[in-house]
Structure formats: C-alpha cells, structure tokens
Amino acid sequence: MNSFIYDIPTKVYFGPNQLNHLGEELQKYGKRVLLVYGGGSIKKSGLYDKVVKYIKESNLELFELSGIEPNPRIESVRKGAKMCKDLNIDMLLAVGGGSTLDATKWISAGACVDFDPWDFFSKRSEIKKALPIVTILTLAATGSEMNSGGVISNLETNEKIGRQDYHLLPKVSFLDPTLTYSVSAYQTACGSADIMSHIMETYFDLEKDLYMLDTVMEGLMKTVIKYTKIALQEPDNYEARANLMWASSWAINGFIDGGKTQQWSCHAMEHELSAFYDITHGLGLAILTPRWMKYCLDDTTVSRYVQFGVNVFGIDENKDPYEIANEAIAKLEDFFFNDLKLEDTLTKLKIDETYFNQMAQKACKNSSIKGFKELKPTDVENIYKMCL
Ligand code: NZQ
Ligand code: ZN
C-alpha cells in the first residue's frame with residue numbers, strides 16, 4: 001500500500017429528521033446564506049419549504065440562486081460568484097444532486113477571487129480560499145457531498161473539466177435517504193452506474209497489497225447491485241435508498257483508493273461525451289465501462305477480472321480465467337442494460353464517429369491515460385467505436 005493522507009473533515013448528518021440541525025450548523029458560518037438549487041425538484045418534493053423554514057427560524061438572511069443545470073455550466077458559476085460578492089454572502093447551502101453541489105463548490109471559490117472562475121480550469125489558477133459550504137443531498141451518485149471535487153462544463157469550448165481542492169470540501173452534509181424517494185428510475189439508474197464506476201475505476205488496478213480495500217470495494221459493488229434493483233422496484237424502500245446513499249459517499253471520498261496513483265480511464269472518456277453531447281454522466285459510464293473492460297483484457301490484467309467475477313458476481317472460481325472474465329463483463333452488461341434499463345450503445349443516443357478523434361485526443365490530454373492499462377488516443381477512439 002502506498003503512503004497517503006486521508007483528511008475528509010465533512011460532518012455528516014445521516015438519516016431522516018436530521019434537518020432540524022440545519023440552522024445551528026449554518027449559524028456557525030455567519031448570517032447571510034446563498035441557497036443554491038437546480039431545476040425545481042426540491043420545490044416539487046416540498047424540501048424547499050422546509051429548508052426556507054429552518055433558515056428563517058434561525059434568523060439567517062436568505063438569498064437564492066436556482067436553475068443549476070445537470071452538467072453544470074460555467075455561466076451559473078460566474079453568476080453565483082458575482083451574487084456572493086454583490087450580496088456579501090457568508091456561506092453557501094447547496095440543495096440537490098451532484099450538479100448543484102459541484103456548481104456551489106466553484107461558486108464558493110469564485111466568490112473569493114477577482115478573475116473569471118473558468119481560469120480555475122483553463123489556467124489551473126490557485127484556490128487560496130472558498131466560502132464555507134453546507135449541502136443537502138437529494139440524489140445518490142457523485143459523492144460530491146463528501147469530497148473535494150467538482151466538474152464544470154463550458155459548452156462554448158466543448159469542455160467538461162473536473163478539479164479537486166481541499167477548500168471545496170463541504171463543512172457539513174445532510175444525507176437523508178428519504179429525499180431520494182422521488183428520484184426517477186432513469187436518474188436512479190444513472191446514479192448507481194456512476195457509483196459503480198467510481199469503485200471500478202479504483203478496483204481495476206494492478207497493485208497487489210490492498211486486500212482490506214479490495215474487500216471493502218467488493219462489498220460496495222455488491223451493495224450497489226443489490227439495492228439498485230430494489231430501489232427501482234420500490235422507490236420508497238428506505239433500506240435500499242440508505243445503502244445506495246452511503247455507498248455513493250464512500251465510493252469517492254478518498255477512502256477506498258488507499259494511495260493508488262493510477263488515473264481513471266472511463267471518467268476521462270465519459271467527460272468528453274458529456275462535453276460534446278451533454279449526455280448524463282452515469283449513462284455514458286454504463287455504455288463505456290464494459291467496452292473498456294473488453295479492450296483491457298489480456299494476460300497481464302485477467303487476474304483482476306477473475307477476482308471481480310468471483311467475489312462480486314459469484315462466478316465459479318474453477319472455470320478458465322478468460323471464461324470468468326468474459327462472464328463477469330456479461331453480468332455487468334446485464335446489470336446496466338437489463339436491470340437498470342439504460343441504453344446500451346452510443347448510436348441509440350444519436351452519437352456517431354464525427355468527434356471521436358478530437359474527443360480521444362482531449363481525453364488523453366494529447367498524451368495518454370495512465371490507468372489500469374495505458375490508453376493512447378487511438379485506443380480511446382477504438383473504445384468509443386466499440387460503443388456504437
Ligand atoms: O435540477 P433538479 O430539478 O434538482 O433535478 C435533478 C436533475 O434533473 C434531478 N434530481 C435530483 N434530485 C432529485 C431529482 N429529481 C427528483 N427527486 C430528487 N430527489 O436529477 C437530475 C440530475 O441531477 P444531477 O445533479 O445532474 O445528477 P448527479 O448527482 O448525477 O450529478 C451529475 C454531475 O456530477 C458530476 C457529473 O459529471 C455531472 O456533471 N460528477 C461529480 C463528481 C464529484 N463532484 O466528485 C464525480 C462524478 O464522477 C461526476 O463527474
Ligand atoms: Zn462519476
């Protein structure tokens with residue numbers, strides 16, 4: 001195991017009826033709160049009214065920024081950062097899915113600088129401070145509630161870029177699984193595909209001495225497979241929603257990677273799909289992941305597929321290694337495309353080869369993705385073609 005620092009100071013309130021702590025937590029950071037949310041799901045569910053009530057009861061001053069888009073845009077970040085400066089905002093309250101949380105993170109950093117927030121991505125401008133962030137999560141997927149990352153899209157330049165910074169970690173996150181009862185079957189499926197991918201990007205690695213973390217990851221993957229099926233059948237099954245929500249946080253908060261240094265492959269390839277075609281992140285990952293697995297399977301990697309197939313899908317370990325590997329990929333496809341009912345090709349999303357070359361270069365940052373297997377632009381292009 002490599003050396004690493006694990007430092008996630010986000011305080012988590014997990015479970016229903018925890019929101020009565022919202023006021024006391026917000027009061028720690030000042031008086032003026034900017035509430036950030038998306039396209040209106042929190043109004044439909046009644047969560048908005050509850051949040052406003054708690055804020056008012058705590059004698060805090062409330063300001064609002066709504067309309068954060070899925071695949072949040074840099075324009076929303078710019079708008080939010082300006083509001084924070086103009087209104088002297090003390091803290092941000094993000095209520096929604098990963099898009100709202102991610103936008104809020106970059107608004108909080110943008111509020112503290114006098115340059116365009118896109119410079120954080122295009123010029124890697126330094127983040128010296130950010131306004132404090134509190135989150136109320138409504139969709140189990142990205143882990144943004146308990147990590148320091150945020151992904152922002154710039155449609156003018158066809159870019160979707162993620163970056164992490166310690167200053168962006170939420171101070172407090174409220175995780176109430178009942179808030180995810182209203183998530184559609186499609187977004188539930190995409191969210192679970194995303195959680196699954198966060199684990200798989202870390203799990204498919206050739207470092208050998210991570211037994212403890214391998215075991216945790218296998219448990220997390222089994223959790224996602226078991227409980228997504230239940231959540232799709234019974235959207236208000238608390239046990240299912242709770243297991244998915246907590247799995248989403250631990251899949252990508254730094255715990256399971258135990259100092260691993262390899263780059264993620266499917267996320268690099270998917271961010272280009274979203275950047276060019278504005279597709280849902282989890283859907284892109286579901287289409288890419290089995291093809292990436294097929295592409296990377298060889299004598300140097302097959303042992304990892306065997307461990308995955310045996311420990312996650314219960315395939316007979318006495319079978320031939322390649323038979324286990326291919327069966328494991330088929331079972332993953334069955335999960336994504338039959339159980340989750342996600343589209344299984346890019347063609348069905350009306351995506352063709354037009355930009356594959358350009359997207360592949362960008363995914364590799366004109367070099368290569370140094371992941372489970374190193375992928376050069378031609379490899380990435382081949383994987384995109386396998387998805388047609
Ligand atoms: O906008 P509203 O009206 O709230 O509706 C949203 C949106 O339409 C809806 N939704 C959310 N909670 C709901 C709900 N609908 C009904 N009931 C609820 N309780 O779901 C739709 C999708 O929401 P979004 O926030 O876009 O989904 P998700 O959480 O999957 O976030 C995706 C974004 O996060 C990025 C992705 O690239 C994408 O931009 N990621 C962020 C990461 C991170 N911060 O660490 C890592 C991930 O790998 C990922 O890249
Ligand atoms: Zn993801």
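Whatever order the structure lists ligands and atoms in, that order sets their numbers, starting from 1. Residue indices begin at 1 and follow the sequence shown.
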If the contact criterion is a heavy-atom separation under 4.0 Å, does [X] count as touching ligand 1?
X      : value
Leu179 : yes
Ser184 : no
Lys44  : no
Gly40  : yes

Taking [atom] as the reference point, the nearest protein heavy atom with its distance:
atom                    : result
atom 6 (C) of ligand 1  : Ser41 OG, 4.5 Å
atom 41 (C) of ligand 1 : Asp102 OD2, 3.0 Å
atom 16 (C) of ligand 1 : Ser182 O, 3.3 Å
atom 30 (O) of ligand 1 : Ala141 CB, 3.7 Å
atom 23 (O) of ligand 1 : Leu139 CD1, 3.6 Å
atom 1 (O) of ligand 1  : Gly39 N, 2.7 Å
atom 42 (C) of ligand 1 : Thr142 CB, 3.7 Å

Return the orientation label for the [X] and [Y] ring planes: parallel under 30°, perpendicular over 60°, tilted otherwise.
X      : Y      : answer
Phe372 : Phe204 : perpendicular
Tyr355 : Phe276 : tilted
Tyr13  : Phe174 : parallel
His281 : His271 : tilted
His267 : His198 : tilted

[X]: numbered ligand 1 atoms lying under 4.0 Å from its heavy atoms:
X      : answer
Gly97  : 25 (O), 29 (O)
His271 : 37 (O), 50 (O)
Asn71  : 38 (C), 39 (O)
Gly149 : 44 (N)
Asp194 : 47 (C), 48 (O)
His267 : 48 (O)
Pro70  : 8 (O), 26 (O)
Gly38  : 1 (O)

Is the closest N or O pair between [X] and ligand 1 shorter than 3.5 Å?
X      : answer
Val151 : no
Asn147 : yes
Lys105 : no
Pro72  : no

Quick check: of its N, O or S atoms, which one does [X] have closest to the Zn ion (ligand 2)?
X      : result
Asp194 : OD1
His267 : NE2
His281 : NE2

- prompt: Do the side chain of Ser184 and the main chain of Gln187 share a donor and acceptor less than 3.5 angstrom apart?
  reply: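 Answer holds: yes.
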Quick one: does ligand 1 sit under 4.0 Å from the side chain of [X], the backbone, both or neither, non-hydrogen atoms only?
X      : answer
His198 : side chain
Thr138 : both
Ser99  : both

- request: Specify whether the nearest protein heavy atom to atom 32 (C) of ligand 1 is under 4.0 angstrom away.
  value: yes
Any ion pair linking [Y] and [X] (charged N to carboxylate O, less than 4.0 Å)?
X      : Y      : value
Lys53  : Asp49  : no
Arg73  : Asp278 : yes
Lys294 : Glu333 : yes

Quick one: does [X]'s side chain get under 4.5 Å of [Y]'s, heavy atoms only?
X      : Y      : value
Leu346 : Phe356 : yes
Leu273 : Leu288 : yes
Leu93  : Ile55  : yes
Val151 : Ile161 : no
Leu92  : Val33  : no
Tyr37  : Ser66  : yes

task: Only heavy atoms count here, so choose which of Gln187, Lys160, Glu145, Arg163 is nearest to atom 22 (C) of ligand 1.
output: Gln187
- request: Determine, step by step, whether Lys260 and Glu201 satisfy the salt bridge (charged side-chain N to carboxylate O under 4.0 Å, His left out) criterion, reporting the C-alpha distance in whole Å, the side-chain angles of both residues, the deciding distance to 0.1 Å, and the verdict.
  value: CA-CA 11 Å; Lys260 284 185 182 183; Glu201 297 265 33; over 6 Å; no
query: Any N/O/S of Glu270 under 2.8 Å from the Zn ion (ligand 2)?
result: no
- request: Determine whether the aromatic ring centres of Trp292 and Tyr295 lie less than 6.0 Å apart.
  value: no
query: Do Arg32's NZ or CZ and the ring of Phe63 fall within the cation-pi criteria of under 6.0 Å and 45°?
result: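 Verdict for Phe63: no cation-pi partner in Arg32.
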